[in-house]
Trainee: 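What follows is a structure written as structure tokens; I'll ask about it next.
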Amino acid sequence: MRSGRVIGVAGRGTVAGLIAAALALGMAEVVAGALGRAVSPVIVVGGAAIDRTPRFLKEFAIKQFGENDKTILLAGIFVVIAMIAAGVGVLAIRNRRAGLIGVSLLGLVAAAAAASRPAFEPLDVVPSLVAAVVGVLTLGLMLNVLPGQPAVDAVALAEPVNPGTAMPVPPVRGPRRRGVLIAALATITAGLTGFGGRSLQNLRTDVAASRRNLKLPTASQPAAVLPSGAELDVEGISSFYTSNRDFYRVDTALAVPRLTTDDWRLKVHGMVERELDLSFSDLLKRPIVEHDITLTCVSNEVGGKLLGTARWLGVELAPLLAEAGVKSGSNQLVGTSIDGMTIGTPVAAVTDGRPAMLAIAMNGEPLLPEHGFPVRMIVPGLYGYVSATKWLIDLELSTFDAFDPYWVRRGWEQEAPIKTSSRIDTPKPLSTVKTGRVMVAGVAWAQHRGISAVEVRVDGGSWQPAELSTEVNADLWRQWVWEWDAPVGSHTIQVRATDAAGDQQVEKRSAPFPSGSTGWQSVLVMVSS
């Protein structure tokens, strides 16, 4: 009987804690939605967790989960919150004051996390403080109304009672039912407020409508038509252009920043002769250009998928800096996102003639929100963490000595030119193919230098030249293919590339940290008769 009472107490506390946490988070979403900022407790705590996560753990998450790393993190945060809420609820059953203090502390921790964010504004702590108040009130209410023990059922009442034993008295069902009803209403309210809060933020910052209403300008300098042979007709090879939906995404934003073209402004300042303050309409009055560029993430492992090619539409960056007048000595251009992310780019890489740009569209449509709508920065030849600021709102001319951007503060190199690399797209690792003619194919890249050769070998034999697609420009990847007369058995295929300067892809494998991975990709393939 005692164990049954213990289980009942724990269950009551667990339910009370979970309902209190759910309603607190739901009301916080409503407040965040009213503020029009992604500062709910889950988001700010998750962002603070990302900032403080050890580098090796971040690399592990990207390697294991790819673009799903944020989904996994959010799921983990909700699981941890649920566990803590359940524990606090059980604690409150035994010591109500301690439990209520625990809920308050959780809200204060979330408020502190909000205050630690790079784009912090004083009102950002309000959703977390509201969550603390709602959590305390709801937990107290649940402890008062939830039944303390299960009702005695009819079977138990019908059992014979030993002489001298008191007849069990069934609990009052009215209060029990009322408590269950209140708990159910609180749970429903939590769901409605959570959904409503997100919807409210969407209404306040209607990015979808902004994208729909954006009529893309015609480029005064359009990209050239792809020459014949630029895209090889080989089954399984990466398409020349990567679709917008399939384009890789690696950033630290748990909630995609929301910014419309009406709200967007760009400030250019720092070591300049003239500060500039541009609206989106001001940006569109400038010459519009179109460029085909391949982007690569520094976290891309050997043979990885964190790169893609698109046709970008926007404004060239060098003329903008020339108008501002870059002062002598400035060697770093610091881009800042609306969520406070900072990325530092060598000024020389923007002004040396390469098509560095502020992009507003990719592959013929406005940028997707997750890819930086309404404006992102692109600089060919550099890994994204030193060149590709998304949701860009600020450009500051500075120096490398004066300021360390987000990733540099975490040990990554200040300047990171993309390394010569290659990838086998087909056949897939550990796949089985038929003996005879097999097309081995993939892509190679060395942005802003270009690819001059790709070679393939099998089982450590001699290197064989692959056929390259027609080069479009040095800022793009090139497809390659090699025809293999495959014998029965297990075979290892390797690939290496050479850039236009004659430098060969590094053989030795190294991890992405601190300036990009190196190494030849090897693929094990089974050949059957």
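Values below: all heavy atoms of this structure, side chains included; hydrogens, waters and symmetry mates excluded.
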Trainee: If we ignore angles and hydrogens, is there a donor and acceptor under 3.5 Å between the side chains of S337 and R376?
Mentor: no

Trainee: Can you list the residues that meet the side-chain contact (heavy atoms from CB on, under 4.5 Å) rule with L254, with sequence neighbours excluded?
Mentor: I43, I50, K70, L73, L74, I77

Trainee: Going by distance alone, is a donor N or O of one side chain under 3.5 Å from an acceptor N or O of the other, for W264 and S279?
Mentor: no

Trainee: Taking the six-membered ring of Y406, is the NZ or CZ of R410 close enough (under 6.0 Å from the centre) and on axis enough (within 45°)?
Mentor: yes

Trainee: Is any side-chain heavy atom of T260 less than 4.5 Å from a side-chain heavy atom of D206?
Mentor: no

Trainee: Here's a test for you: under side-chain hydrogen bond (donor to acceptor under 3.5 Å, both in side chains), which of K267, R265, H269 qualifies with D394?
Mentor: H269

Trainee: Does anything in residues 74-87 form a side-chain hydrogen bond (donor to acceptor under 3.5 Å, both in side chains)? List the pairs, not counting sequence neighbours.
Mentor: none

Trainee: Any donor and acceptor pair, going by atom type alone, linking the side chain of W391 with main-chain N or O of T336 inside 3.5 Å?
Mentor: no

Trainee: If we ignore angles and hydrogens, is there a donor and acceptor under 3.5 Å between the side chains of S210 and T261?
Mentor: yes

Trainee: Can you tell me if N300 and Y248 form a side-chain donor-acceptor pair at under 3.5 Å?
Mentor: no

Trainee: Going by the side-chain hydrogen bond (donor to acceptor under 3.5 Å, both in side chains) test, which pairs reach into residues 509-518, not counting sequence neighbours?
Mentor: K419-S515, S510-T518

Trainee: Does any non-hydrogen side-chain atom of V44 lie less than 4.5 Å from one of S128?
Mentor: yes

Trainee: Taking only distance into account, with no hydrogens and no angle test, what donor-acceptor pairs under 3.5 Å do side-chain atoms of residues 397-405 form with protein atoms, sequence neighbours excluded?
Mentor:
unit_1, atom_1, unit_2, atom_2, d
T399, OG1, A402, N, 3.0

Trainee: With a 3.5 Å cut-off and sequence neighbours excluded, list the donor-acceptor pairs that the side chains of residues 316-326 form with protein atoms.
Mentor:
unit_1, atom_1, unit_2, atom_2, d
E316, OE2, H291, NE2, 2.9
E323, OE1, R286, NH1, 2.9
E323, OE1, R286, NH2, 2.8

Trainee: Salt bridge or not between E273 and K327? Use side-chain N to carboxylate O under 4.0 Å.
Mentor: no

Trainee: Just wondering, do E415 and P346 contact through their side chains at under 4.5 Å, heavy atoms?
Mentor: yes

Trainee: Just by distance, with hydrogens left out, do T294 and Q447 show a side-chain donor and acceptor under 3.5 Å apart?
Mentor: no

Trainee: Under a 4.0 Å N-O cut-off, is there an ion pair linking D251 with K390?
Mentor: yes

Trainee: Just by distance, do the side chain of R354 and the backbone of P380 share a donor-acceptor pair under 3.5 Å?
Mentor: yes

Trainee: Check whether any side-chain heavy atom of T189 lies under 4.5 Å from a side-chain heavy atom of L192, and answer yes or no.
Mentor: no

Trainee: Show me the pairs that pass ring-ring contact (aromatic ring centres under 6.0 Å, His included) and involve residues 296-337, at least two apart or across chains.
Mentor: F247-W312

Trainee: Do R117 and D339 sit within salt-bridge range, that is, some charged N less than 4.0 Å from a carboxylate O?
Mentor: no

